[in-house]
Protein chains: 2
Amino acid sequence: MVGNQTNISPEFIQKAARILKTLGHPDRIKIVEFLEDGEKTVGQIHRELDMQQPIVSQHLKVMNDRGIVTHRQEGTRYFYSLANELIVNILNCLSEFQEKLNSGEWNF
Amino acid sequence: MVGNQTNISPEFIQKAARILKTLGHPDRIKIVEFLEDGEKTVGQIHRELDMQQPIVSQHLKVMNDRGIVTHRQEGTRYFYSLANELIVNILNCLSEFQEKLNSGEWNF
DNA sequence: GTTTTATATAGTAAAATCACTATATTCATC
DNA sequence: GATGAATATAGTGATTTTACTATATAAAAC
């Protein structure tokens, strides 16, 4: 058992970077967090998160292209949901981090 | 126990986004992964990861400004190390993800 | 078939990031 | 104090993001 534990493969680093970079936007974090609750329509996100509709569609398109969300269409409505649980894991990491921040254990 | 589990605070979302976005670069992921092994000088990163020295310094500066790494100086050498374990957690999330990718459980 | 509703797409200017080259700074050594 | 090594900083085009406005599309309702 020599070397480090994570040891991410070179090919994967490209994909990982893309995912992290994509998640690195406040609106998109909010959307992903909202989607943890279950699938939502564009309109729900637009109204409940108070973002302009084209912005929401744009973010969803980017996240869809990069495998973060998927969607199904029903009539004129598009239901978006998280594509996999990796995303939730990352947010959970951040939540943990927030707790440590709040408790004063770390500071930024 | 109503609502979702993570529930990240609005103020924190800005910081989280910044961290994720900063980590969302292949070179920086490589550097962070390398630093998991312990503190390294700029020259070590430069040579062992085969990146140009100013590029390395630039990435380290950005990550330093955003609380991802810290450094100490010893003579003309600068030793950089990870600022906290959140970063490792996130990489571990990605490693897990990679395994699921490799096993064919998910696809991107 | 006209109007509404829901969503996507196009276009665009401003801002941020990126990769690279050149140079400055700082410490150590002779 | 001159030289070399290690690292930081400056400057710069090219590319990517971002936020926004306007418009297109497609299904629903009347």
Side-chain angles (χ1 to χ4, degrees), chain A residues 10 13-35 38-83, chain B residues 10 13-35 38-83:
Chain A
I13 287 181
Q14 299 295 328
K15 293 181 181 177
R18 200 154 189 77
I19 292 173
L20 290 180
K21 189 172 186 177
T22 304
L23 286 179
H25 188 293
D27 286 352
R28 290 199 280 258
I29 291 182
K30 286 179 200 165
I31 291 173
V32 165
E33 199 195 3
F34 191 45
L35 291 182
E39 63 174 13
K40 307 285 182 191
T41 66
V42 175
Q44 282 180 293
I45 299 170
H46 158 52
R47 279 176 255 108
E48 298 197 34
L49 296 187
D50 195 32
M51 300 177 189
Q52 299 187 5
Q53 177 267 313
I55 296 281
V56 173
S57 284
Q58 190 173 292
H59 285 316
L60 288 171
K61 177 179 171 50
V62 170
M63 291 198 286
N64 190 74
D65 290 348
R66 299 179 186 178
I68 293 172
V69 301
T70 45
H71 68 279
R72 68 185 179 85
Q73 189 173 355
E74 195 173 285
T76 170
R77 299 210 173 138
Y78 287 67
F79 292 84
Y80 282 87
S81 54
L82 297 182
Chain B
I13 286 181
Q14 300 294 329
K15 293 181 182 178
R18 200 153 190 78
I19 293 172
L20 290 180
K21 190 173 185 178
T22 303
L23 286 179
H25 187 293
D27 286 353
R28 291 199 280 258
I29 291 182
K30 286 178 199 164
I31 291 174
V32 165
E33 199 194 3
F34 191 46
L35 291 182
E39 64 175 12
K40 308 284 182 191
T41 66
V42 175
Q44 283 180 294
I45 299 171
H46 158 50
R47 280 176 254 109
E48 298 197 35
L49 297 188
D50 194 33
M51 301 178 190
Q52 299 188 4
Q53 176 268 313
I55 297 281
V56 173
S57 284
Q58 191 173 292
H59 285 316
L60 288 171
K61 177 179 170 50
V62 171
M63 291 197 287
N64 190 75
D65 290 348
R66 298 178 187 179
I68 293 172
V69 302
T70 46
H71 68 278
R72 69 185 179 86
Q73 189 173 356
E74 194 173 286
T76 169
R77 298 209 173 137
Y78 288 66
F79 291 84
Y80 282 88
S81 55
L82 297 182

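Note that the structure is predicted; figures quoted are calculated from it, not measured. Labels below follow one simple rule: chain letters A, B, ... track the order of the sequence lines, proteins then strands, and each chain is numbered from 1. Note that these values count all heavy atoms, side chains included, but never hydrogens, waters or copies made by symmetry.
Rounded to a whole Å, the CG atom of L23(B) is 14 Å from the P atom of dT17(C). One atom, CG of D65(B), and another, C1' of dT9(D), lie 13 Å apart when rounded to the nearest Å. One atom, CE of M63(A), and another, P of dT18(D), lie 11 Å apart when rounded to the nearest Å. Rounded to a whole Å, the CG atom of L60(B) is 10 Å from the P atom of dT7(D). Atom CD in E74(B) sits about 13 Å away from atom C1' in dA28(C), given to the nearest Å. Atom OH in Y80(B) sits roughly 9 Å away from atom P in dT7(D) (whole-Å rounding). For the pair Q53(B) CD and dT23(C) P, the interatomic distance rounds to 15 Å; values are reported in whole Å. Summarising the geometry, the separation between CZ on R77(A) and P on dA6(C) is reported as 6 Å, rounded to the nearest angstrom.
Between dT17(C) and R66(B), a contact under 4.0 Å exists linking OP1 or OP2 to a side-chain N or O. Checking the phosphate oxygens (OP1, OP2) of dT7(C), no side-chain nitrogen or oxygen of H71(A) falls inside 4.0 Å. In this model, the phosphate group of dT16(D) is not approached by any side-chain N or O of K21(B) to a distance below 4.0 Å at OP1 or OP2. When the side-chain nitrogen and oxygen atoms of R18(B) are compared with OP1 and OP2 of dA16(C), none of them lie within a distance under 4.0 Å.
The listed nucleotides are dC18(C), dA19(D), dT21(C); the one nearest the side chain of H59(A) is dA19(D). Of the candidate nucleotides dC27(C), dT9(C), dT21(D), dT9(C) has the atom nearest to the side chain of S57(A). The side chain of H25(B) sits closest to dC18(C) out of dT21(D), dT7(C), dC18(C).
Comparing D27(A) and V42(B) along DNA chain D, the residue whose closest nucleotide (by nearest heavy atom) sits nearer the 5' end is V42(B). Mapped onto DNA chain C by nearest heavy atom, Q58(A) and Y78(A) fall at different nucleotides, with Y78(A) at the one closer to the 5' end. Each of G24(A) and Q44(B) was matched to the nucleotide of DNA chain D holding its nearest heavy atom; the match closer to the 5' end belongs to Q44(B).
Using a cut-off of 4.0 Å between Lys/Arg side-chain N and Asp/Glu carboxylate O, K40(B) and E48(B) are scored as not salt-bridged.
For the residue pair L23(A) and I29(A), the shortest heavy atom distance occurs at O-CG1, 3.1 Å.
Using a 4.0 Å heavy-atom cutoff across all strands shown, H46(A) reaches no nucleic acid atom at all. Counting any heavy atom pair closer than 4.0 Å across all strands shown, R47(B) reaches no nucleic acid atom.
With 3.5 Å as the limit, one finds a donor-acceptor pair spanning the side chains of R66(B) and T22(B).
Distance alone, capped at 3.5 Å, places no donor-acceptor pair between the Q58(B) side chain and the L60(B) backbone.
No option in H46(A), H71(A), H59(A) other than H71(A) meets the ring-ring contact (aromatic ring centres under 6.0 Å, His included) test with Y80(A).
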